[in-house]
Each structure stands twice: as structure tokens, then as C-alpha cells.
Enquirer: 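Just passing along the structure, written as C-alpha cells.
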Number of protein chains: 2
Amino acid sequence: MVKKIENTEEKIIAAAREVFLRKGMDGARMQEIADEAGINKSLLHYYFRSKDKLFDRVFTETFKNVIDLITEVFSSSITLESFIENFVRGYTSVLIKKPYIANFVLHELSRNPQRVVEHINLTNFDKLKLASLISSEDKNTIRQFNPIQIIVDILALCIFPFVAKPIIKGFMFDGDIEEYNIFIDQRTQHIIEFVKSAVFIQK
Amino acid sequence: MVKKIENTEEKIIAAAREVFLRKGMDGARMQEIADEAGINKSLLHYYFRSKDKLFDRVFTETFKNVIDLITEVFSSSITLESFIENFVRGYTSVLIKKPYIANFVLHELSRNPQRVVEHINLTNFDKLKLASLISSEDKNTIRQFNPIQIIVDILALCIFPFVAKPIIKGFMFDGDIEEYNIFIDQRTQHIIEFVKSAVFIQK
DNA sequence: GTCTATAACCGGATAGAC
DNA sequence: GTCTATCCGGTTATAGAC
């Protein structure tokens with residue numbers, strides 16, 4: 001009964017994603033994943049031999065989402081301005097849909113940096129893309145920042161608000177989730193304007 | 001022999017900080033902390049009743065470092081420009097000295113957001129400070145960004161490069177730690193210029 | 001205060017019935 | 001494929017000698 005196999009497998013993956021994203025590899029419990037999936041603990045081992053393998057499956061899948069997006073943005077942007085806009089829009093829209101991703105990847109990054117870097121290296125996007133976009137701009141219209149600093153700036157501006165959600169919500173907005181949501185809604189546009197203001201010299 | 005007590009306690013705290021910062025609460029092992037401190041595992045329990053209590057001690061202490069710094073910067077800056085400079089310099093200099101702090105706090109933030117927010121709320125720094133600095137500037141010289149967005153921007157720009165160290169080093173610089181260190185050295189100045197370029201309108 | 005030995009517990013993994 | 005019962009290793013925590 002292949003149909004049923006896929007259903008259970010899907011349920012497990014979904015549950016595992018949920019729990020791993022919330023607790024990280026170390027904090028997650030197989031029992032909790034089983035409960036979340038509404039199945040028995042030993043079934044987890046039947047489908048995936050070990051916790052490690054299950055985690056790897058979830059991680060690879062999750063990470064691929066992000067990488068695919070970046071690759072797409074890198075290859076499709078042809079001016080510095082469109083690059084900034086596409087990159088920020090792409091990134092924030094993924095994170096708004098799946099805010100847990102940020103924590104998940106960062107968490108795994110501190111637990112097992114090697115694995116994350118390996119996954120990135122498997123991809124084939126062009127790290128020099130931004131530098132070449134910058135060099136093809138008129139030197140009088142943009143400030144000469146180091147392209148790598150700028151990439152890190154943009155990543156930081158996009159990712160951090162999701163990682164720091166409890167602080168922003170709890171401290172800046174006194175726990176008001178509505179205000180946090182508005183803040184996030186406005187975030188995309190803010191980052192684009194902020195970065196463009198920093199990079200482009202006004203005439 | 002009070003002197004000795006303090007010494008051992010200090011050794012434990014230092015070892016615990018080291019291990020907790022590296023592995024997080026879930027990943028850390030009491031045995032590893034004992035080894036790092038050069039003492040026996042059961043002594044840990046003698047000084048601190050449980051792993052939880054030991055972690056709490058380390059966390060509170062570590063977090064206090066950061067909070068004290070921010071409080072100090074917030075109260076001592078009297079213009080927008082000096083605020084940006086002090087804030088960025090203060091933050092990055094702490095992180096350069098103790099790069100693990102970023103991971104540690106972010107990790108705990110996803111594991112136990114409540115605890116982190118409580119600690120922040122215990123402090124008494126003025127979240128409206130930046131807004132008041134902005135409003136006291138000449139409206140024609142600065143762009144009217146939302147002050148909370150700007151605070152988050154600055155925090156993001158300062159903290160992220162440390163959290164993402166493996167990615168920046170491994171991917172951007174092909175694993176070359178020297179290049180990463182140069183990148184970090186230049187980071188403080190870059191952030192200050194980047195933020196000022198974004199916020200201040202050139203005449 | 002510090003150590004060795006061990007208890008108590010927990011969680012991942014397996015065996016085996018259905 | 002799914003379940004119940006159980007094993008086994010590792011980890012926190014405690015007892016007790018020195």
C-alpha cells in the first residue's frame with residue numbers, strides 16, 4: 001500500500017520539521033516528534049533508521065528552500081538596484097512564510113558549522129556577482145563599500161528581525177504581536193530603502 | 001578556607017561558560033564542564049545543585065555584560081551621530097573579545113525566549129532614546145526612518161557577522177581565517193559609515 | 001571540599017507480536 | 001506497517017568515604 005507509506009512518511013517529516021525547528025537537534029525528542037505525528041515512536045525508526053538521519057532529511061530539505069531562492073535571485077538580477085530589491089524581497093518573503101527557518105539554520109550553524117558550509121558549497125551560485133554588478137555601475141553614483149560587507153549587511157538586515165523576534169516583540173513592543181507583525185510587514189520596504197540610501201549617492 | 005572556595009567556584013563558572021557557550025544548554029555535558037575545570041563531576045553539583053542552576057548563573061552573568069554596555073551607551077550619547085558610533089563600537093568591541101556571546105544569547109533566545117525577555121525587562125534602558133535623538137535633529141539632514149527599524153538595523157549589522165562566522169569564513173573566504181579576521185577588523189568602521197550614509201542626507 | 005562509586009533517570013534504538 | 005515491551009548507553013544527580 002504505497003499511498004499509506006507516503007502519508008505516514010509525510011506526517012513524520014512534517015512533525016519532525018516542526019519539532020526540530022522549535023528545539024534544534026539536541027533539544028528535540030523522538031517521543032515528541034512521534035506525538036506530533038500521531039504515531040508510535042518506533043515507527044520513526046522504521047522509516048528513518050536514526051534520529052540523525054531524520055534530522056539530516058529535514059535539514060537538507062529546509063536548507064534547499066533557501067539556497068534555491070538565493071541562486072535564483074543571484075542569476076536573475078542585472079542591475080545593482082534590482083539585485084538589492086530582488087534579494088531583499090525574496091529573502092523576507094520566505095522568512096515571513098517560514099520564520100522558523102532562520103533559527104533552525106543558525107542553530108545548526110553553531111552546533112555543526114561544517115554541515116551547513118558543506119551544503120552551501122554544494123550549490124553553485126556566484127559569490128562575485130555582487131562585485132561585478134557594483135563595478136559595472138557608474139563610480140560617481142555609488143559609495144565604494146566592500147561587496148562582501150554589503151552582502152553580509154543585507155543578509156543581516158533580512159534575517160535578524162526573525163531571529164530576534166522575541167526581543168523585538170517582547171521588549172520593543174511590550175509583547176504586542178500585532179505591532180510586531182506591522183513591523184515585519186514594513187521591514188521589506190525599509191531594508192530596501194535603507195540599503196539603497198547607504199549605497200547610492202543622491203544627486 | 002574561603003579563598004579556595006572562590007577559586008573552585010570561579011574555575012567552574014569559567015569552564016561552564018566556555019562549554020555552554022560552545023554547545024548550548026542541551027548540547028553541554030556536565031562531564032565536559034568538569035574536565036574543562038579540571039575537577040570532579042560531582043563537585044559541580046556540590047557548588048550548584050543542578051545543571052539548570054549552573055546554566056542560569058552563566059546565562060545571567062553573560063547577558064548582564066551585554067546589557068550593561070547598551071545601557072551605558074544609551075545614556076551617554078547626546079547626538080544621533082555619536083549614538084551610532086558609540087553603539088556600534090561598543091557592541092562590536094564586546095563581540096570581538098567574546099564572539100561566542102552572540103550564539104549563546106541567540107540560541108537561548110530560541111530555546112527559552114521568555115527567560116531572555118525577562119532579563120531585558122529587568123534593565124532600565126530607555127527604548128525611546130533613539131527616537132528622541134532623531135527628533136532633535138534637523139529634519140532636512142536625516143531621512144525619516146522608523147527609529148525601531150534603525151535600532152534593529154544596527155543590532156543586526158553588529159551581531160550577524162559573528163553568528164554567521166562559519167558561512168562568511170567558509171563560503172565567502174574559502175575557509176581562510178585570516179581573511180575573515182580582516183573582514184571583522186574592518187566591520188566596525190564599515191557599519192558606522194553604512195548606517196550614517198543611510199541615515200544622514202548629504203548636502 | 002574533594003573524591004569514588006553508584007543510583008536514578010531518560011531517550012534512542014531494537015525485538016517481536018500482530 | 002504499526003504497535004507494545006524492553007534494552008542499553010549515556011547523563012544527571014546523590015551517597016558516603018576521606
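Proteins come first, then strands; the chains are lettered A, B, ... in the order of their sequence lines, and each starts at number 1.
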Enquirer: Per the ring pair (Phe, Tyr, Trp, His ring centres under 6.0 Å) rule, what does the pair list look like for residues 161-188 of chain B, sequence neighbours excluded?
Expert: A:Phe125-B:Phe171, B:Phe173-B:Phe183
Enquirer: Which nucleotide in the list C:dT2, D:dC3, D:dT2 gets nearest to the side chain of A:Tyr47?
Expert: D:dT2
Enquirer: Expressed in angstrom and rounded to an integer, what is the separation of B:Gln31 atom CD from C:dT6 atom P?
Expert: 16 Å
Enquirer: Please, which pairs that meet salt bridge (charged side-chain N to carboxylate O under 4.0 Å, His left out) have at least one residue in residues 105-119 of chain A, sequence neighbours excluded?
Expert: A:Asp26-A:Arg111, A:Asp56-A:Arg115, A:Glu108-A:Arg111, A:Glu108-A:Arg115
Enquirer: Rounded to whole Å, please give me the gap between CG in A:Leu43 and P in D:dA5.
Expert: 16 Å
Enquirer: What integer distance in Å separates B:Tyr46:OH from C:dT2:P?
Expert: 8 Å
Enquirer: Keeping to residues at least two apart or across chains, list the salt bridge (charged side-chain N to carboxylate O under 4.0 Å, His left out) pairs with something in residues 156-177 of chain A.
Expert: A:Asp174-B:Lys127
Enquirer: Tell me the salt bridge (charged side-chain N to carboxylate O under 4.0 Å, His left out) pairs involving residues 141-156 of chain A, sequence neighbours left out?
Expert: A:Asp153-B:Arg187
Enquirer: Detail all sub-3.5 Å separations between protein N/O atoms and N/O atoms belonging to nucleotides 7-9 of chain D.
Expert:
none

Enquirer: With sequence neighbours left out, write down each residue that passes ring-ring contact (aromatic ring centres under 6.0 Å, His included) with A:Phe55, or none if nothing qualifies.
Expert: A:Phe20, A:Phe104
Enquirer: Does a side-chain N or O from B:Arg29 land closer than 4.0 Å to OP1 or OP2 of D:dT12, or not?
Expert: yes
Enquirer: Could you pull out all residues at least two apart from A:Glu179 that satisfy side chain to side chain donor-acceptor pair (under 3.5 Å)?
Expert: none
Enquirer: Would a 4.5 Å heavy-atom cut-off, applied to side chains only, mark B:Ser82 and B:Thr79 as touching?
Expert: yes
Enquirer: Looking at residues at least two apart in the chain, or sitting in another chain, which of them share a salt bridge (Lys or Arg N to Asp or Glu O under 4.0 Å) with A:Asp68?
Expert: A:Lys64
Enquirer: Would you please name every residue forming a side chain to side chain contact (heavy atoms under 4.5 Å, CB included) with B:Glu32, sequence neighbours left out?
Expert: B:Val19, B:Arg22, B:Lys23, B:Arg29
Enquirer: What string of B, S and - do you get for nucleotides 13-18 of chain C 5' to 3' if you count protein non-hydrogen atoms under 4.0 Å?
Expert: BBB---
Enquirer: Go through residues 15-28 of chain B and report each residue with a non-hydrogen atom lying under 4.0 Å from DNA chain D, sorted by number.
Expert: B:Ala28
Enquirer: Do the non-hydrogen side-chain atoms of A:Met25 and A:Phe59 ever get within less than 4.5 Å of each other?
Expert: no
Enquirer: Would you mind reading off the distance between A:Asn40 atom CG and D:dT6 atom C1', rounded to a whole angstrom?
Expert: 13 Å
Enquirer: Given atom CZ of B:Phe48 and atom C1' of D:dA13, what is their separation to the nearest angstrom?
Expert: 16 Å
Enquirer: If the condition is ring-ring contact (aromatic ring centres under 6.0 Å, His included), which residues does A:Phe194 pass it with, not counting sequence neighbours?
Expert: A:His190, B:Phe145
Enquirer: To the nearest Å, how far apart are B:Asp35 CG and D:dT12 C1'?
Expert: 15 Å
